[in-house]
Protein chains: 2
Amino acid sequence: MTVAAGQQCCAPIAREPLSESAAADLAALLKAVADPVRLRLLSLIASHPGGEVCVCDLTGAFDLTAPTISHHLKVLRTAGLIGGERRGTWVYYWVVPAQVARLGELFIPLAQPAGA
Amino acid sequence: MTVAAGQQCCAPIAREPLSESAAADLAALLKAVADPVRLRLLSLIASHPGGEVCVCDLTGAFDLTAPTISHHLKVLRTAGLIGGERRGTWVYYWVVPAQVARLGELFIPLAQPAGA
DNA sequence: CCCCTGCTTCGGCATATGTCTAAAGCATAG
DNA sequence: CTATGCTTTAGACATATGCCGAAGCAGGGG
């Protein structure tokens, strides 16, 4: 599209698939996983046979203190990406597939080259 | 799995699909998109017919100053999610589908319920 | 040549984030 | 009821992040 100098350089945005509120909502979800520790936590929980992991197993996989792991788990849980429950002495966590899937679906249309 | 108190509560992690370095690498990529403004920027660029957008069109979509928009574009560009080029007076940006696809593919296995 | 416009870079500030130590719940064992 | 162990909460600190205003760089037109 050729334009004269001093004028608007291109046509207005044709489509805006992500509204301001949707972007804020998804960004909050992404912030929850945008951390190496939380990413590994989510991966560990998701890959565990049975779909559930005890916190005592997670702490051993990191060079971090238990409170730090607990903090990261809370972030993931607040975001709705994982669920947790206390059973007796130990606390178990599992992933919430629907919420994780939202993230995957987000990038499908964005990976398409043009606006097609 | 029933265990005695004071001992290890569960079996060791069966599979660890995300290595420490892979998690750090992907977390850096996720940090780039874990922001409402950058998410909308990426969305605006991706949805623009022709696959390219001039910066002058992007600034109008936000209540932010030009330096701030430029900063966010640089973050996306440094992450390899978008490419940019100056053509005459204006600067144009486009998405890098392969890099965006990495994010989408990441959540596919994580959305599976169990370790299956 | 100078100026005007578009975009980026620089420096500073307010807030958010990740980590720790210390202390407090909670459940089981004796 | 007390003791022990697992987990979370609270408080504090260093660093990272997001924002702006001012200045710098690049290209085009008098």
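- Note on B/Arg87: nothing from the nucleic acid sits closer than 4.0 angstrom, heavy atoms only.
- Remark: B/Thr65 pairs with B/Pro67, B/Thr68 by the side-chain contact (heavy atoms from CB on, under 4.5 Å) rule, at least two apart or across chains.
- For A/Ala101, the side-chain contact (heavy atoms from CB on, under 4.5 Å) partners are A/Glu105, B/Ala111, not counting sequence neighbours.
- In this view, B/Arg86 and B/Val91 satisfy the side-chain contact (heavy atoms from CB on, under 4.5 Å) rule, not counting sequence neighbours.
- When rounded to the nearest whole Å, the span between CZ of B/Arg40 and P of D/dG18 equals 16 Å.
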Protein-nucleic acid N or O pairs under 3.5 Å, nucleotides 13-15 of chain C:
none

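- As rounded to whole Å, 16 Å separates atom C1' of D/dT17 from atom CG of A/Leu30.
- Taken residue by residue, residues 62-72 of chain A places heavy atoms nearer than 4.0 Å to DNA chain D at A/Ala66, A/Pro67, A/Ser70.
- Among the atoms of the strands shown, none is found under 4.0 Å from any heavy atom of B/Arg77.
- Scored by the side-chain hydrogen bond (donor to acceptor under 3.5 Å, both in side chains) test, B/His71 finds no partners at all (sequence neighbours excluded).
- Atom pair A/Arg86:CZ and D/dC6:C1' shows a separation of 7 Å (rounding to whole Å applied).
- Without hydrogens or angle criteria, B/Arg40 side chain to B/Phe62 main chain gives no donor-acceptor distance under 3.5 Å.
- In this structure, A/Tyr93 does not reach the D/dT7 phosphate: none of its side-chain N or O atoms is under 4.0 Å from OP1 or OP2.
- The structure places CH2 of B/Trp90 at 10.0 Å from CG of B/Asp57, a figure rounded to the nearest 0.5 Å.
- Distance B/Leu73 CG to D/dT17 C1': 17 Å, rounded to the nearest Å.
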Less than 3.5 Å apart, which donor and acceptor atoms pair up between the side chains of residues 24-39 of chain B and the rest of the protein, not counting sequence neighbours?
{"unit_1": "B/Asp25", "atom_1": "OD2", "unit_2": "B/Arg102", "atom_2": "NH2", "d": "2.7"}
{"unit_1": "B/Lys31", "atom_1": "NZ", "unit_2": "A/Ala34", "atom_2": "O", "d": "3.1"}
{"unit_1": "B/Asp35", "atom_1": "OD1", "unit_2": "B/Val37", "atom_2": "N", "d": "2.8"}
{"unit_1": "B/Asp35", "atom_1": "OD1", "unit_2": "B/Arg38", "atom_2": "N", "d": "3.2"}
{"unit_1": "B/Arg38", "atom_1": "NE", "unit_2": "B/Ala32", "atom_2": "O", "d": "2.5"}
{"unit_1": "B/Arg38", "atom_1": "NH1", "unit_2": "B/His72", "atom_2": "ND1", "d": "3.0"}
{"unit_1": "B/Arg38", "atom_1": "NH2", "unit_2": "B/Lys31", "atom_2": "O", "d": "3.1"}

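- Residue A/Lys74 places no side-chain N or O under 4.0 Å from the OP1 or OP2 atom of D/dT8.
- Looking at which nucleotide of DNA chain C each of A/Asp35 and B/Val91 is closest to, the 5′-most match is held by B/Val91.
- Distances shown here put every side-chain N or O of B/Tyr92 at or beyond 4.0 Å from the OP1 or OP2 atom of C/dG6.
- Here D/dT17 is the nucleotide among D/dA26, D/dG18, D/dT17 with the atom lying nearest to any side-chain atom of B/Lys31.
- Checking C/dC7, D/dC6, D/dG18 against the side-chain heavy atoms of A/Thr89 singles out D/dC6 as nearest.
- Atom CD of B/Glu85 is separated from atom P of D/dA26 by 16 Å (rounded to the nearest Å).
- With sequence neighbours left out, the side-chain hydrogen bond (donor to acceptor under 3.5 Å, both in side chains) criterion links B/Thr59 to no other residue.
- Among residues two or more places apart in sequence or in another chain, the side-chain contact (heavy atoms from CB on, under 4.5 Å) test is passed with A/Val96 by A/Gln99.
- Put simply, A/Arg38 has a side-chain N or O that comes within less than 4.0 Å of OP1 or OP2 on C/dG18.
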